[in-house]
Amino acid sequence: MSEYLVDIRHERLSFFTPAGEVKALNDVSLRMKDGEVLGIVGESGSGKSVTAYSLMGLTADNGKIIGGEVSFNGHRIDQMVEKEIRRIRGKEISIIFQDPMTSLNPVYTIGNQIEEAVRVHGDKSRKEARARARELLELVGINEPDKRLRQYPHELSGGMRQRVMIAIALACEPKLLIADEPTTALDVTIQAQILELMNELKKKLGMGIILITHDLGVVASMCDNIAVMYAGEIVEYGSCDDIFYNPMHEYTKGLLKSIPKFQEKEYSKLVPIEGQPVDLLNPPKGCPFAPRCRSCMRICLSRKPERMEFGDGGHYSRCWLRQKEAFEAGGLNGMPSVGGVTVAGAAPAGAIPNDAVSAGSGMETAVSEKPEGAFPQETREVDS
Amino acid sequence: MSEKLLEIEGLKQYFPVAGSKKVVKAVDDVTFFIKKGETLGLVGESGCGKTTTGRSILRLVEPTEGKIVYDGKVIFDSASGTKADMLPYRRKMQIVFQDPYASLDPRMTVGDIVGEALDIHRLYKNRKERYEKVIGLLQRVGLNSEHANRYPHEFSGGQRQRVGIARALAVDPEFIVCDEPVSALDVSIQAQVVNMFEELQKELGLTYLFIAHDLSVVNHISDRIGVMYLGHLVELADAEELIFHSLHPYTRSLISAVPVADPKTARNSKRIILQGDVPSPVDPPSGCAFRTRCPYADERCRMETPEFREEAAGHYCACHHLDRVGA
Ligand SMILES: Nc1ncnc2c1ncn2[C@@H]1O[C@H](COP(=O)(O)OP(=O)(O)OP(=O)(O)O)[C@@H](O)[C@H]1O
Ligand SMILES: Nc1ncnc2c1ncn2[C@@H]1O[C@H](COP(=O)(O)OP(=O)(O)O)[C@@H](O)[C@H]1O
Ligand code: SF4
Ligand code: SF4
Ligand SMILES: [Mg+2]
Ligand SMILES: [Mg+2]
């Protein structure tokens with residue numbers, strides 16, 4: 001049994017549509033410990049929700065895990081049938097969605113819906129369930145709980161409905177809460193309330209949280225670790241500080257430069273990522289970000305970048321440029337290893353394909369000029 | 001001081017509530033002006049009246065009360081009953097919508113969507129000139145001639161928003177109401193579109209009313225920012241002044257609630273968490289609309305609506321107790 005609460009290894013998941021096979025997840029590996037808050041960021045369609053839902057066995061009928069292993073809390077979800085998964089869902093793992101209105105049933109009272117969630121997995125009586133429902137409403141900061149229990153979803157504001165959703169999700173004290181854009185539909189002052197609530201609940205209940213969001217501000221204030229997804233792949237993973245202060249993938253860097261800096265007085269023009277998101281019906285052969293990357297090299301177009309680790313805190317990225325920098329920096333000593341940078345895998349020297357580093361064969365910029373010199377400072381400062 | 005392009009005085013927009021005698025006070029006594037060539041940002045939570053303000057200015061909905069002056073000419077004044085013919089102004093004043101999906105006709109090609117605006121105002125001599133203009137507009141927003149024959153569903157969100165902007169630019173406007181034009185877009189695409197708005201403004205000397213709920217985006221693009229709450233404008237100042245020296249308690253909590261994409265700042269900053277929800281605009285609180293959530297509220301706030309006053313040069317605010325709120 002895995003020591004991890006979540007342990008996804010080399011997951012591949014495709015949707016089979018009339019237009020063809022949509023390769024939604026392409027070799028996704030992800031681990032998470034008990035009580036950890038993991039953020040998944042990335043643009044629309046990058047596979048954030050699909051990754052998280054596959055952990056709950058919630059994949060649309062036309063979708064199928066076609067490779068890899070998906071483990072949660074010791075269960076091999078990818079090998080279980082729906083009936084078995086149903087016993088886990090809502091009990092050990094639960095989810096809250098972006099739009100609480102669509103996930104609450106308009107014709108039942110708030111009380112009915114929370115009690116239902118309480119009773120599904122337990123052997124509580126009606127009365128016990130009602131008491132528990134009341135307790136849960138208090139836990140999520142809803143005042144006048146007795147009145148609210150009798151109300152219908154449309155009688156509550158958006159923020160309150162999201163609190164109710166959280167109450168339902170917590171009914172069985174799950175070990176993992178998946179929050180899929182939980183505050184995107186809410187106003188900022190209400191978003192701040194909900195994020196604070198989630199922080200408190202995490203401390204109080206010690207459950208793990210997967211927070212899916214496109215908002216880098218939300219992950220910055222909430223997460224221990226962050227996975228950055230692009231076109232069905234995790235292109236970078238690290239601690240919150242790794243990702244924000246020491247990004248190691250060109251997409252992550254681009255993402256950070258494209259958001260307005262709220263607290264800086266001087267105006268600086270935004271640096272957008274040019275181009276369009278990837279079409280997963282025809283994903284690029286090499287690095288999925290290659291068509292939009294300013295530093296794209298020839299090898300990026302043909303070979304998937306290997307995983308490369310930075311330090312020993314689990315920070316890694318998949319970017320040929322990092323491999324090249326490490327090789328060049330370490331080239332003096334003849335080893336692609338420098339300042340704590342090691343190429344993942346058994347044999348570092350062999351990790352960079354030969355065709356990539358031999359003279360004039362792939363690692364020169366192919367698509368456009370590289371913006372800075374060949375040795376960006378951060379390569380050398382990896383561990384300092 | 002530069003010239004004012006647009007002046008709004010005491011603008012009110014009330015809507016009847018179906019099945020009752022009540023009204024929704026979507027915009028309630030709003031006064032501000034926009035200078036030529038500037039970007040005025042408008043922020044506030046959903047339903048506070050930003051969109052309605054923009055639409056009333058263009059008279060897409062007829063204001064209930066107030067006065068609108070565009071380029072020195074009164075285009076609406078409820079006191080004197082002035083209602084200018086809008087046709088000549090329709091060319092000068094344009095709008096770009098939030099939802100790039102809903103605002104484009106799915107059955108029309110992108111070329112025709114852009115060309116239609118040219119047709120309405122007869123802005124070409126022959127087919128060839130029309131075609132050239134359409135292609136020129138598409139190129140101006142970063143699309144190309146190949147795109148002219150495609151349909152909206154073949155485009156991504158960012159590209160559709162570009163089409164919406166090309167359509168607005170077709171008639172050579174001076175003033176554009178941008179209603180949440182980047183809210184539906186991914187961050188990396190947001191930056192492309194924000195930059196385009198900035199470049200077009202520089203090239204064409206455009207004036208913008210830029211509406212958004214995202215304070216970081218509004219701060220980035222705006223010269224001045226106005227903050228709305230429940231139909232009222234509660235504060236307005238230069239962008240930097242507003243972000244770093246806000247006066248109104250609501251503005252302050254709004255600023256402190258913005259999730260900053262910087263973990264160290266996020267860990268060290270103390271948030272002002274507002275209690276409760278925004279009240280319904282059908283039954284707004286008496287006196288100051290913000291009083292039900294304001295930590296400084298007292299009896300006076302219940303009785304009297306605070307006046308929107310110039311507290312310092314160019315810095316307007318509506319609050320009875322700025323002395324208590326402190327610097
Ligand atoms: N039922 C389905 N049939 C076909 N394709 C699907 C289906 N569900 C998801 N996809 C595709 O899988 C990819 C990943 O989708 P996913 O919902 O995980 O994206 P996401 O990162 O959560 O995006 P968003 O930020 O928009 O929620 C997308 O390309 C999506 O179009
Ligand atoms: N045509 C309409 N009829 C009735 N109520 C409306 C209409 N348009 C807007 N409202 C109401 O006016 C208020 C302000 O709306 P809106 O200007 O769209 O807010 P915002 O753009 O700030 O989110 C809301 O309460 C909204 O429901
Ligand atoms: S440098 Fe190459 S591998 Fe790295 S992000 Fe750019 S295209 Fe991908
Ligand atoms: S007038 Fe009163 S209630 Fe309104 S913002 Fe000022 S102190 Fe708060
Ligand atoms: Mg999603
Ligand atoms: Mg609006």
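It should be emphasised that the depicted structure is a prediction, and the values quoted were computed from it without experimental measurement. Within every chain, numbering begins at 1; the chains are lettered A, B, ... in the order of the sequence lines, protein sequences first and strands thereafter. FYI, side chains are in, hydrogens and waters are out, and symmetry mates aren't considered; it's all heavy atoms of this structure.
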Next on the checklist: At a heavy-atom distance under 4.5 Å, which candidate from A:Cys223, A:Gly217, A:Gly159 has the highest pair count against chain B?
Outcome noted: A:Gly217
Checklist entry - Does any heavy atom of chain A fall under 4.5 Å from the side chain of B:Leu185, the backbone, both, or neither of them? => result neither
Checklist entry - Given the options B:Leu215, B:Ile272, B:Leu254, B:Val194, which has more heavy-atom pairs under 4.5 Å with chain A than any of the others? => result B:Leu215
Next on the checklist: For B:Ile255, which atoms come within 4.5 Å of any heavy atom of chain A: side chain, backbone, both, or neither?
Outcome noted: both
Next on the checklist: I'd like to verify something: which residue of B:Ala257, B:Ala266, B:Ala261 has the highest number of heavy-atom pairs under 4.5 Å with chain A?
Outcome noted: B:Ala261
Next on the checklist: Could you check whether any side-chain heavy atom of B:Ile189 comes within less than 4.5 Å of a side-chain heavy atom of A:Pro277, counting everything from C-beta outward?
Outcome noted: yes
Checklist entry - Side chain, backbone, both or neither: which part of B:Val187 has a heavy atom under 4.5 Å from chain A? => result both
If the cut-off is 3.5 angstrom, what donor-acceptor pairs do you find between chain B and chain A?
| unit_1 | atom_1 | unit_2 | atom_2 | d |
| --- | --- | --- | --- | --- |
| B:Glu45 | OE1 | A:Thr189 | OG1 | 2.6 |
| B:Glu45 | OE2 | A:Thr189 | OG1 | 3.3 |
| B:Ser46 | N | A:Asp187 | OD1 | 2.8 |
| B:Ser46 | N | A:Asp187 | OD2 | 3.2 |
| B:Ser156 | OG | A:Gln276 | OE1 | 2.8 |
| B:Asp186 | OD1 | A:Ser44 | N | 3.1 |
| B:Asp186 | OD2 | A:Ser44 | N | 2.9 |
| B:Ser188 | OG | A:Glu43 | OE1 | 3.0 |
| B:Ser188 | OG | A:Arg292 | NH2 | 3.3 |
| B:Gln192 | NE2 | A:Ile273 | O | 2.5 |
| B:Gln192 | NE2 | A:Gly275 | O | 3.1 |
| B:Asn195 | ND2 | A:Leu270 | O | 2.9 |
| B:Glu198 | OE1 | A:Tyr267 | OH | 2.6 |
| B:Glu198 | OE2 | A:Tyr267 | OH | 2.8 |
| B:Glu199 | OE2 | A:Lys269 | NZ | 3.1 |
| B:Asp262 | OD1 | A:Tyr245 | OH | 2.9 |
| B:Asp262 | OD2 | A:Tyr245 | OH | 3.4 |
| B:Lys264 | N | A:Tyr245 | OH | 2.9 |
| B:Arg267 | NH1 | A:Asp241 | OD1 | 3.4 |
| B:Arg267 | NH2 | A:Asp241 | OD1 | 3.1 |
| B:Arg267 | NH2 | A:Asp241 | OD2 | 3.0 |
| B:Leu274 | O | A:Gln193 | NE2 | 2.5 |
| B:Gly276 | O | A:Gln193 | NE2 | 3.1 |
| B:Asp277 | OD1 | A:Ser157 | OG | 3.4 |
| B:Asp277 | OD2 | A:Ser157 | OG | 2.8 |
| B:Arg293 | NH2 | A:Thr189 | OG1 | 3.2 |

